[in-house]
Amino acid sequence: MTTKTISPPTTDTAAQTTLTRRPRRLRRTESIRTLVRETIVRPEDLIYPLFVVPNERPRVEIKSMPGVFQNRVREAVDDARRAFDAGVRAVLLFGLPEYKDGIGSASWDPSGPVQSATEAIKRALPDMAVMADVCLCEYTDHGHCGVIVDHEGVKDVDNDQTVALLAKQAISFAAAGADFVAPSDMMDGRVGAIRRALDGRGMSDVGIMAYSAKYASGFYGPFREAAESAPQFGDRRSYQMDPANVREAVREMALDVEEGADMIMVKPALAYLDVIRAARENFDLPVAAYNVSGEYSMVKAAAERGWIDGTRVMNEILTSIKRAGADLIITYHALEFAER
Ligand SMILES: [Zn+2]
């Protein structure tokens with residue numbers, strides 16, 4: 001039997017012979033795509049934020065953030081353990097205190113929710129890195145990140161009075177066993193003041209992850225429900241950064257590095273990937289990025305409606321943040337991502 005080989009008709013010989021670069025060869029199969037994948041997000045890259053409430057309050061799921069809870073200490077420990085078992089190596093704690101006042105004095109109460117959770121998590125999981133968010137807004141009755149003063153009839157957050165209180169809060173978290181304190185207030189000079197305060201008390205091992213470029217962002221909406229920290233008047237634009245600025249972000253980061261930050265952070269992440277890249281290109285310290293509540297909630301809400309594939313979009317977002325230059329990603333997706 002004879003077989004006759006028939007060549008397919010060539011319609012465009014010129015195009016076929018000149019097309020020597022075919023990038024699609026590297027995308028042909030999943031194995032090949034895996035071989036050439038440039039960016040891989042690991043559970044160890046993620047920091048899991050936890051909200052801690054006093055023990056007499058119930059555990060409540062935050063309506064605008066499905067899968068995220070206001071935890072009592074024992075539940076915070078349970079969540080931390082689940083995350084640790086899935087490969088996550090750090091949690092970031094936010095506290096909802098029993099009482100609020102003008103200066104946020106509940107934040108340096110040694111039996112406050114963050115202090116209690118820090119002690120309990122370190123006891124249960126000594127190898128979990130515990131980071132404590134340092135700011136006054138969760139603890140003040142006016143919801144601002146600092147002490148309010150009256151400047152000729154205009155209410156303003158006083159920088160230097162606030163910095164002194166932040167240092168007090170940081171020492172209290174460090175004394176409870178926090179490995180890192182993370183000032184998120186955006187006051188001038190707070191990283192240096194916290195560093196000196198820690199060192200002055202023999203806490204030189206405690207690190208500072210500075211929210212260096214934190215923008216006045218609409219993406220924080222759901223967080224304010226979670227942390228019960230919405231400002232009661234005005235907004236935060238006199239201390240958080242203008243979303244339009246990136247050179248200013250580099251200046252802010254340089255100041256924090258100079259003042260002794262061990263890690264710098266960009267917040268939010270998704271609308272600020274260029275700022276993350278600027279951080280990576282300008283500094284050699286670890287760069288963290290905060291994949292904030294609004295970014296999380298938009299994914300959850302759209303997935304719930306069946307408009308997007310939530311898991312796929314989560315993976316894509318986390319990959320994009322790492323690809324932009326972040327070493328660490330603070331994300332409410334941490335547990336879900338790591339358990340997959
Ligand atoms: Zn704040």
Side-chain angles (χ1 to χ4, degrees), residues 47 49-53 62 65 68 70 92-97 99-109 112-115 131-149 155-173 178 180-191 193-194 208-243 249 252 256 261 264-269 272 288-294 330 332:
I47 299 172
L50 293 173
F51 298 99
V52 190
V53 294
I62 296 146
M65 300 175 73
V68 179
Q70 291 176 340
L92 175 61
L93 303 182
F94 296 89
L96 288 82
Y99 58 93
K100 299 190 182 208
D101 60 20
I103 58 166
S105 63
S107 67
W108 51 85
D109 179 341
V114 169
Q115 288 86 344
M131 301 174 154
D133 182 87
V134 171
C135 198
L136 295 183
C137 54
E138 295 135 57
Y139 304 92
T140 52
D141 47 17
H142 46 71
H144 275 284
C145 302
V147 178
I148 302 293
V149 288
K155 285 179 176 173
D156 189 24
V157 171
D158 185 89
N159 193 87
D160 298 4
Q161 284 186 55
T162 301
V163 166
L165 300 181
L166 294 169
K168 218 170 150 153
Q169 189 186 127
I171 286 164
S172 177
F173 294 158
F180 283 83
V181 290
S184 63
D185 49 282
M186 289 303 279
M187 298 301 125
D188 296 332
R190 87 280 206 218
V191 170
I194 290 171
I208 299 176
M209 176 170 72
Y211 287 70
S212 303
K214 180 177 178 180
Y215 288 87
S217 168
F219 286 95
Y220 303 149
F223 176 93
R224 290 178 185 171
E225 183 201 339
E228 299 171 1
S229 63
Q232 298 305 301
F233 60 86
D235 56 40
R236 298 195 167 116
R237 285 171 222 237
S238 78
Y239 42 105
Q240 296 178 350
M241 283 186 50
D242 186 326
E252 282 281 8
D256 286 357
I264 51 177
M265 193 209 296
V266 175
K267 180 181 180 182
Y272 298 85
Y290 203 136
N291 175 215
V292 300
S293 59
I330 302 154
Y332 303 98

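Counting starts at 1 for both ligands and their atoms, in listed order. Values reported hereafter were calculated over all heavy atoms of this structure, with side chains retained and with hydrogens, waters and symmetry mates removed.
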So salt bridge (charged side-chain N to carboxylate O under 4.0 Å, His left out) across residues 220-229, not counting sequence neighbours, yields R57-E228
Using side-chain contact (heavy atoms from CB on, under 4.5 Å), reason through M241 and Y272 one step at a time and then give a plain yes or no. CA-CA 12 Å; M241 283 186 50; Y272 298 85; over 6 Å; no
>> So, taking the atom named OH in Y139 and the one named CG in D101, what distance separates them when rounded to the nearest 0.5 Å?
In response: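 Y139 OH to D101 CG: 12.0 Å, rounded to 0.5 Å.
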Distance col, row Q232:CD vs I148:CD1, nearest 0.5 angstrom, shows 11.0 Å
Cationic tip of K214 above Y290 ring, under 6.0 Å, 45° of axis: no
### Neighbouring protein N, O or S atoms of the Zn ion (ligand 1), below 2.8 Å
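Step by step: take the Zn ion (ligand 1), keep protein N, O, S below 2.8 Å, and you get 3.
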Students often mix this up, so state it plainly: with edges at 30° and 60°, are the rings of H144 and Y239 parallel, tilted or perpendicular?
perpendicular
